[in-house]
S.K.: 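Here's a structure for you.
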2 protein chains.
Amino acid sequence: MASIKDVAAEAGVSVATVSRVLNEHPSVSADARTRVLAAVEALGYRPNAVARSLRTDQTHTLGLVISDVLNPYFTELARSVEEEARALGYSVIIGNADERPDLQDHHVRTLLDRRIDGLLVSPTDGGSPLMLDAARAGTPMVFVDRWIPGVDVPVVRADGREAVRDLVAHLHRLGHRRLAIIAGPAATTTGSERVEAFREAMAEYGIPLPDAYTGQGDFQAESGRRVTEGFLDLPEPPEVVFAADNLMALGALDAIRARGLRVPDDIALAAFDDIPWFVHTDPPITAIAQPTGELGRAAVRALVDRIEGRPPASVTFAARLVVRRSCGEPAPQEPSPSPVQRSTS
Amino acid sequence: MASIKDVAAEAGVSVATVSRVLNEHPSVSADARTRVLAAVEALGYRPNAVARSLRTDQTHTLGLVISDVLNPYFTELARSVEEEARALGYSVIIGNADERPDLQDHHVRTLLDRRIDGLLVSPTDGGSPLMLDAARAGTPMVFVDRWIPGVDVPVVRADGREAVRDLVAHLHRLGHRRLAIIAGPAATTTGSERVEAFREAMAEYGIPLPDAYTGQGDFQAESGRRVTEGFLDLPEPPEVVFAADNLMALGALDAIRARGLRVPDDIALAAFDDIPWFVHTDPPITAIAQPTGELGRAAVRALVDRIEGRPPASVTFAARLVVRRSCGEPAPQEPSPSPVQRSTS
DNA sequence: GAAGCTTCTGGAATCGATTACATCGATGTG
DNA sequence: CACATCGATGTAATCGATTCCAGAAGCTTC
């Protein structure tokens with residue numbers, strides 16, 4: 001592959017001049033510029049990003065470490081992150097932690113070794129020493145969706161508290177009193193916050209959340225199935241199961257279906273994180289929707305602000321309840337195209 | 001961030017010795033080794049992958065350019081690719097083309113600029129000059145899922161011909177005669193092949209595939225909706241709609257639902273590419289399943305073979321029909337956990 | 001016509017690693 | 001004892017860019 005030296009030779013100038021042309025430095029004669037551009041064209045030359053990064057100490061690359069690519073929520077997040085980053089002149093390298101701290105560490109390490117300019121993380125756990133050290137050492141970093149308390153890193157996330165309260169109100173209005181939750185890992189903020197919000201909202205209606213109705217999941221479908229089976233085995237099973245993410249809701253649906261039970265007649269179901277398929281499941285699932293695209297874009301902007309020396313800001317969006325039929329009430333007319341719509345930018 | 005020089009100074013040796021220790025070169029004294037390792041530990045030193053790549057001309061990185069991350073099929077593909085690559089000591093950088101040739105080009109260019117060791121592509125179109133040039137110039141490359149005819153690049157894919165024949169047999173047995181298809185872009189192999197296979201299988205039953213029953217989609221949900229609306233507007237609408245991918249099936253479902261029609265009573269639906277959610281849609285959707293994980297892993301192995309100087313081989317897997325209720329017949333008992341199962345490696 | 005300014009250009013240092021080659025002391029061999 | 005061999009180490013070149021610095025050429029200006 002042609003290097004800058006080849007271009008310089010072909011154009012009859014020095015490598016310094018070639019570099020100047022490539023970087024649009026003002027003091028290059030028109031003549032030299034055209035000769036260089038012609039040589040670039042002739043040789044099909046493309047600058048070596050590796051060499052450039054070594055010299056400039058910038059990779060124009062962001063790392064994004066997410067907890068699970070297979071989760072449509074994170075997929076959409078990743079897409080919007082890449083989109084915004086591209087618009088700002090950055091590439092994105094995605095690391096999929098699969099909810100495993102060791103894998104998360106692997107990716108963080110690999111990304112730091114590559115000297116990415118900044119890191120976007122949705123932590124799987126309380127934060128490994130590696131990540132905390134990096135943050136302390138000044139690696140530009142922003143938490144998105146989930147965060148780690150006590151670390152001085154901007155957070156871009158959605159607050160579901162209000163929406164959870166709306167959900168509990170909705171359930172209460174439908175007459176449900178025995179509400180159960182499939183929680184996420186307590187080590188994640190989204191894992192603990194959603195239970196907290198649920199418990200608090202229930203308290204407002206004087207409903208307790210007994211331990212038996214609090215199942216420990218790990219944000220994966222399989223755990224949703226397991227926990228739901230546990231609920232169904234109880235002497236007095238809950239009337240509603242609220243899954244703290246969409247994959248656990250899928251698992252719950254599997255478990256309910258395996259018993260031959262029906263939603264919402266035998267048991268109601270709701271989920272955190274809305275996805276297009278929820279419109280077409282049997283029945284359509286009531287969910288709490290996050291402005292995922294906004295989240296991703298805001299996170300990138302905050303990170304790039306930090307990288308480029310501007311003060312980054314934490315941002316919190318609001319989530320909102322989307323009522324469908326899985327909790328009992330006939331759904332209101334849903335504007336048909338909305339949940340499938342995608343930004344086509 | 002500490003460099004190899006700092007480590008050398010700290011350990012009281014030359015950078016060459018440090019490098020030797022790091023690369024497990026045999027001729028290093030035990031004494032020097034321990035001093036270097038201590039210095040590495042003390043400084044928290046991590047080798048700069050950028051500098052290393054520049055010198056060795058290897059990045060230990062694969063590029064993966066897929067057509068659409070939001071499509072669960074490609075998400076799963078990406079996941080298995082990363083998994084296998086990691087096992088073989090490589091990282092993966094994903095580029096999402098969003099079914100747009102210009103974006104595909106952007107990512108191919110960026111990846112080549114970064115001097116990735118090899119490229120895995122599921123082409124969105126017939127192949128831009130850039131990609132073809134790269135292949136011709138000797139960049140290790142493997143096509144996965146989709147490919148470009150006439151280019152000397154190994155292909156790892158699934159052959160759906162047999163499964164499509166099974167599908168048509170299934171539909172015929174149920175009494176359906178007016179079969180329509182929402183095709184993918186003709187520029188993609190999967191776009192044209194699936195229509196071809198469908199047409200041929202129908203021919204075996206003496207059923208024609210009129211133009212009015214062949215809708216042109218682009219593998220996105222919106223096109224599935226649009227095409228399906230066209231079908232429903234026909235004086236004699238089809239009895240079955242077969243969507244060439246899962247997102248277009250989602251769009252079709254939207255369109256059917258918006259008209260207040262029911263599946264399969266008013267119109268039957270089937271899709272190419274099976275996803276976990278198809279078990280829980282209303283009704284569960286009959287689909288053709290690809291061994292997606294196998295595909296990803298085999299593609300990585302072929303690419304790494306090529307990179308490391310071994311002869312790479314094309315591989316073709318078989319797809320299989322998964323019958324559910326969306327075409328009319330009561331579904332056979334489906335082993336409950338299977339479609340949600342994930343490789344936990 | 002000399003001095004002082006621009007404008008353009010090239011030489012060379014530099015980023016952080018790897019690695020060919022040279023060196024040096026210790027050991028083995030005839 | 002002289003010489004070859006071997007293990008351990010350091011020096012320096014190198015990868016492909018960017019960029020500081022110095023110098024050449026062309027203009028102004030007095």
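Naming convention: chains lettered A, B, ... in sequence-line order (proteins, then strands); numbering from 1 in each chain.
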S.K.: Which parts of residues 55-63 of chain B get close to DNA chain C, meaning a heavy atom less than 4.0 angstrom away?
M.R.: Arg55(B), Thr56(B)

S.K.: Please determine if Arg100(B) and Asp98(B) form a salt bridge, counting it only when a charged side-chain N lies under 4.0 Å from a carboxylate O.
M.R.: no

S.K.: Could you grab the distance from atom CG of Asp68(A) to atom CG of Leu103(A), nearest 0.5 Å is fine?
M.R.: 11.0 Å

S.K.: Please find the pair of heavy atoms, one from Leu295(A) and one from Phe317(A), that lie closest to each other, and give the distance.
M.R.: CD1-CD1, 3.3 Å

S.K.: Can you tell me if CG on Asp57(B) sees more than 12 non-hydrogen neighbours from other groups inside 6.0 Å?
M.R.: no

S.K.: Side-chain contact, heavy-atom cut-off 4.5 Å: Pro312(A) with Leu303(A)?
M.R.: no

S.K.: Flag the pair Glu99(A) and Arg146(A) as a salt bridge only when some basic side-chain nitrogen lies within less than 4.0 angstrom of an acidic carboxylate oxygen.
M.R.: yes

S.K.: Between Arg301(B) and Asp305(B), is the closest basic N to carboxylate O distance under 4.0 Å?
M.R.: no

S.K.: What closest approach, in Å, do Ala78(A) and Leu64(A) show between heavy atoms, and which atom pair accounts for it?
M.R.: CA-CD2, 3.8 Å

S.K.: Whole angstroms only, please: what is the CD1-C1' distance between Ile4(A) and dG11(C)?
M.R.: 14 Å

S.K.: Please list, in numerical order, the residues of residues 11-42 of chain A that have a heavy atom closer than 4.0 Å to any atom of DNA chain D.
M.R.: Ala16(A), Ser19(A), Arg20(A), Asn23(A)

S.K.: dA13(C) P sits how many Å from Leu54(A) CG, rounded?
M.R.: 17 Å

S.K.: Could you tell me from which nucleotide to which nucleotide of DNA chain D, 5' to 3', there is an atom under 4.0 Å from chain B heavy atoms?
M.R.: dA8(D) to dG16(D)

S.K.: Is the shortest side-chain N to carboxylate O distance from Arg46(B) to Asp113(A) below 4.0 Å?
M.R.: yes

S.K.: To the closest 0.5 Å, what do you measure between OG1 (Thr61(A)) and CG (Leu119(A))?
M.R.: 12.0 Å

